[in-house]
Each structure stands twice: as structure tokens, then as C-alpha cells.
Trainee: 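What follows is a single structure, and I will ask about it in a moment.
Throughout, numbering of the chain's residues begins at 1 and tracks the sequence.
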Amino acid sequence: MPDAKPAFQRILLKLSGEALMGDDAYGINPEVIDRIVGEIKEVSRMGVQIGVVIGGGNIFRGIAPSAVGMDRATADYMGMLVTMMNALSLGDALRRAGVEARVQSALRVDAVAEPYIRGRALRHLEEGKVVIFAAGTGNPFFTTDTGAALRGAEIGAELVL
């Protein structure tokens, strides 16, 4: 049924950073990100408003052995910056695929992303843009899973995946 209405109007997709690695040991696998972008594009074209939160475990984890001896808050802020790198990569890949996307960050990095402003995020979603929320909650000691739950509630997502 081509005229079928999607079951959900607005969703939030939580991606782990590890999902971007594919079979690689670390980093962002181009084939994997292109597949993810294809799926997001397909759902967006159905009229579903999509927010995305992405982790940073493909590059750095604040609680990983590489962070042993490091101040926990410092390690968590480094992890937030990694989520920014992943968000920028995803946003760029979406735009190359013809999908309008905006990156909003819980940490101020105005040269590369909008600050997270709830009203602006809602407007972008209503305009059909994919909104990628970076830097989790902007606070140490919280995971991007918490950030996904928070942003999902704030934007009125009917489903958090």
C-alpha cells in the first residue's frame, strides 16, 4: 500500500559507535556508514521525523583500559568529542546521499555544529531534516544511552530504537 501511513511520526535512533566499525578494528567503515545512511534515507522519505544519537566506542571509551589512570570526567569529555566526530561523519554522509541533516551538540563547538536547542531541533524535524544529537547529555558520568533517552523525551519521539 503506497499510501500507508508510517506507524510512527517521530523516532530517535541510537547507534553505538562500534556499529560504525564493521569488521574494522576501530574507526568508521565507509561501507557500513553508507548502509546506515541508506536505511535512514528510506525511513525519512516515508515521512518519519528522525533524530539520531551516536556513541563513540569505535574510537574511545571513557571507561576503557586506555583511560586507566585518567580522571573520569576528562575521559568522559573526550568520549563526548568522539561522538561529535561520529555525528559530523554521519551528517556529511547523509548530505552526500541527498538527505538534509543537522548536527546539534550538547557541548559548544560552534564552528562545526549547532548548539543543542530543543526548539530548533523540533523545527528541523518538522522540516524533514534528520537531527543528529552529539556529545550525549553534555555531562560526564552519563552514557550516550542516557543522552538518547533524554533527547527522545525532549523531542517527543514515539519510539527510541
Trainee: About how many Å separate CD1 of I117 and CZ of R123, when rounded to the nearest 0.5 Å?
Mentor: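 That separation rounds to 9.0 Å.
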
Trainee: For T83 and G136, work out which heavy atoms get closest and say how close.
Mentor: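 Answer, listing the atom of T83 first, then G136: OG1-N, 4.2 Å.
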
Trainee: With side chains defined as the heavy atoms from C-beta onward, is the minimum distance between M21 and I28 less than 4.5 Å?
Mentor: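 In short, these two side chains do not touch, never coming nearer than 4.5 Å.
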
Trainee: Quick one: CG on L161 to CG on L13, what's the gap to the nearest 0.5 Å?
Mentor: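 Going from CG on L161 over to CG on L13, the span is 6.0 Å.
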
Trainee: In terms of hydrophobic clusters joined by side-chain contacts under 4.5 Å, are V131 and L122 together?
Mentor: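 Yes, one cluster joins them.
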
Trainee: Out of curiosity, does I132 fall in the hydrophobic cluster containing L88 (side-chain heavy atoms, cut-off under 4.5 Å, transitive links)?
Mentor: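 Both belong to a single hydrophobic cluster.
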
Trainee: Let me confirm one number: the CD-CG distance from Q9 to L125, rounded to the nearest 0.5 Å.
Mentor: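 Atom-to-atom, Q9:CD and L125:CG are 10.0 Å apart.
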
Trainee: How far apart are the closest heavy atoms of G22 and V32, and which atoms are they?
Mentor: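 Residues G22 and V32, closest heavy atoms: CA-CG2, 3.5 Å.
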
Trainee: Does R151 make a cation-pi contact with Y116 (under 6.0 Å, within 45 degrees of the axis)?
Mentor: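 Checked: cation-pi criterion met.
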
Trainee: For the hydrophobic clusters of this structure (ILVMFWY residues joined by side-chain heavy atoms under 4.5 Å, transitively), does one cluster hold both I33 and I50?
Mentor: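 Yes; I50 is reachable from I33 via cluster members.
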
Trainee: Would you say M70 and M78 make side-chain contact, with heavy atoms under 4.5 Å?
Mentor: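 Counting from C-beta outward, M70 and M78 do come under 4.5 Å.
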
Trainee: Take I59 and Y26 through the side chain to side chain contact (heavy atoms under 4.5 Å, CB included) test and state the conclusion after the steps.
Mentor: CA-CA 6 Å; I59 300 171; Y26 65 91; 5.8 Å; no

Trainee: Any donor and acceptor pair, going by atom type alone, linking the side chain of Q104 with main-chain N or O of A113 inside 3.5 Å?
Mentor: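 Not at all, since once roles are kept as given, no pair shorter than 3.5 Å links the two residues.
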
Trainee: We want to know whether E114 and H124 form a side-chain donor-acceptor pair, criterion being a heavy-atom distance below 3.5 angstrom.
Mentor: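 Side chains of E114 and H124: pair found under 3.5 Å.
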
Trainee: Looking only at non-hydrogen atoms, find the nearest pair between A134 and A87 and report the distance.
Mentor: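 Nearest heavy atoms, A134 then A87: CB-CB, 3.7 Å.
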
Trainee: May I ask you to test the D92-R96 pair for a side-chain heavy-atom distance under 4.5 Å?
Mentor: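 The answer is yes; the side chains approach within 4.5 Å.
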
Trainee: Do the side-chain N and O atoms of N86 and N58 include a donor-acceptor pair separated by under 3.5 angstrom?
Mentor: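 There is such a pair (donor and acceptor under 3.5 Å, judged by atom type) between the side chains of N86 and N58.
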
Trainee: Are L12 and L90 connected in the hydrophobic side-chain network, where two residues link if heavy atoms are under 4.5 Å apart?
Mentor: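 No, L12 and L90 fall in different hydrophobic clusters.
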
Trainee: Is there side-chain contact between I155 and F133, with at least one heavy-atom pair below 4.5 Å?
Mentor: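 Contact flag for I155/F133 side chains = yes.
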
Trainee: Any sub-3.5 Å donor-acceptor pair from T144's side-chain atoms to G147's backbone N or O?
Mentor: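 The answer is no, because no donor-acceptor pair under 3.5 Å joins these two groups.
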
Trainee: Check whether more than 12 heavy atoms from other residues, nucleotides or ligands sit under 6.0 Å from atom CG of D23, and answer yes or no.
Mentor: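 Counting other residues, nucleotides and ligands, CG of D23 stays at 12 neighbours or fewer.
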
Trainee: Got a second to check how far N139's CG is from Y77's OH, nearest 0.5 Å?
Mentor: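 So the gap between those two atoms works out to 6.0 Å.
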
Trainee: List the steps, then state whether side chain to side chain contact (heavy atoms under 4.5 Å, CB included) holds for V53 with D145.
Mentor: CA-CA 8 Å; V53 170; D145 291 344; over 6 Å; no

Trainee: Taking all heavy atoms of E154 and all of R118, pick out the closest pair and write down the distance.
Mentor: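 So the two residues come closest at O-NE, 2.6 Å.
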
Trainee: Between V130 and V52, does a side chain to side chain contact (heavy atoms under 4.5 Å, CB included) hold up when you go through it step by step?
Mentor: CA-CA 7 Å; V130 174; V52 180; 4.0 Å; yes

Trainee: Is there a path of hydrophobic side-chain contacts, each under 4.5 Å between heavy atoms of I, L, V, M, F, W or Y residues, that connects F8 with L15?
Mentor: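 Yes, one cluster joins them.
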
Trainee: Do L20 and N29 come within less than 4.5 Å of each other through their side chains, counting heavy atoms only?
Mentor: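 Counting from C-beta outward, L20 and N29 never come under 4.5 Å.
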
Trainee: Hey, could you give me each pair passing side chain to side chain donor-acceptor pair (under 3.5 Å) that has a residue in residues 40-50? Not counting sequence neighbours.
Mentor: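 Listed once each, the pairs are R10-Q49.
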
Trainee: Does the side chain of E158 come within less than 4.5 Å of I11's, by heavy atoms?
Mentor: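 I11 does not reach E158 side chain to side chain.
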
Trainee: How long is the gap from CG on D76 to CG on D71, to the nearest 0.5 Å?
Mentor: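 D76 CG to D71 CG: 9.0 Å, rounded to 0.5 Å.
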
Trainee: Walk me through it: do M80 and L107 pass the test side chain to side chain contact (heavy atoms under 4.5 Å, CB included)?
Mentor: CA-CA 8 Å; M80 288 180 232; L107 295 177; 3.8 Å; yes

Trainee: About how many Å separate CD1 of I36 and CG of D34, when rounded to the nearest 0.5 Å?
Mentor: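 That separation rounds to 9.5 Å.
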
Trainee: Would R35 and E39 count as a salt bridge (Lys or Arg N to Asp or Glu O under 4.0 Å) if you check the C-alpha gap in whole Å, the side-chain angles of each, and the deciding distance to 0.1 Å?
Mentor: CA-CA 6 Å; R35 180 183 51 77; E39 293 176 7; 3.5 Å; yes

